[in-house]
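Note that these values count all heavy atoms, side chains included, but never hydrogens, waters or copies made by symmetry. Given the structure is predicted, the values throughout are model-derived calculations rather than measurements.
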Amino acid sequence: MRTAVFKSYKNGYFTFWFENGEELVFEEVHPRVLKQFDLKNDKSYIGKSFRVTFVEDFEDDDEDFVIYRVESLKPL
């Protein structure tokens with residue numbers, strides 16, 4: 001789990017800024033998470049801090065193409 005601030009949802013991508021200054025763009029968020037936190041529509045989550053658990057998924061064993069998926073969010 002890492003601490004991050006939710007930056008935006010745009011064109012199907014969820015963007016978070018992490019505590020180390022890194023910005024990660026997630027293509028996928030677990031449906032359970034979206035049911036709890038409507039990141040797509042509720043603008044009040046922008047700028048909020050979360051503990052984020054995510055996984056890196058390599059597309060068809062191509063290590064050059066990584067999909068990041070949020071597995072859980074815990075508000076801080």
Could you state the interatomic distance from [atom1] ([X]) to [atom2] ([Y]), rounded to the nearest 0.5 Å?
X: Ser8; Y: Leu39; atom1: OG; atom2: CG; value: 10.5 Å
X: His30; Y: Gln36; atom1: NE2; atom2: CD; value: 12.0 Å
X: Arg32; Y: Phe37; atom1: CZ; atom2: CZ; value: 10.5 Å

Quiz item: Is Phe26 linked to Trp17 within one hydrophobic cluster, defined over Ile, Leu, Val, Met, Phe, Trp and Tyr using a side-chain heavy-atom separation of less than 4.5 Å?
Solution: no

Self-check item: Phe16 reachable from Val66 in the ILVMFWY side-chain graph, under 4.5 Å edges
Solution: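 Cluster IDs for Val66 and Phe16 match.
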
Practice problem: List the steps, then state whether side chain to side chain contact (heavy atoms under 4.5 Å, CB included) holds for Leu24 with Val52. | Solution: CA-CA 11 Å; Leu24 275 181; Val52 181; over 6 Å; no

Quiz item: Other hydrophobic cluster members with Leu76, side-chain heavy atoms of Ile/Leu/Val/Met/Phe/Trp/Tyr under 4.5 Å, chained?
Solution: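 Answer for Leu76: none, a lone residue.
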
Quiz prompt | Results of side-chain contact (heavy atoms from CB on, under 4.5 Å) for Asp42 - residues two or more places apart only | solution = Asp38, Ser44, Tyr45

Exercise. Apply side-chain contact (heavy atoms from CB on, under 4.5 Å) to Val29 and list each qualifying residue two or more places apart in sequence or on a separate chain.
Key: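 Partners of Val29 under the side-chain contact (heavy atoms from CB on, under 4.5 Å) test: Phe14, Val33, Leu34, Val70.
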
Quiz item: Which residues satisfy the side-chain hydrogen bond (donor to acceptor under 3.5 Å, both in side chains) test with Glu71, sequence neighbours excluded?
Solution: Arg69

Quiz item: Can you name the side-chain hydrogen bond (donor to acceptor under 3.5 Å, both in side chains) partners of Thr53, sequence neighbours left out?
Solution: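 With neighbours one apart ignored, the set is Ser72.
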
Practice problem: Give the minimum heavy-atom separation between Ile46 and Lys7, together with the two atoms involved. | Solution: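 Where Ile46 meets Lys7 most closely, the heavy atoms are CG2-O, 3.4 Å.
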
Quiz prompt | Nearest non-hydrogen partners of Thr15 and Phe6, listed with the distance | solution = O-CD1, 3.6 Å

Self-check item: Any donor-acceptor N/O pair, Glu27 side chain to Ile67 backbone, under 3.5 Å
Solution: no

Practice problem: List for me each residue that meets ring-ring contact (aromatic ring centres under 6.0 Å, His included) alongside Phe18, sequence neighbours excluded, and say none if there are none. | Solution: Phe54

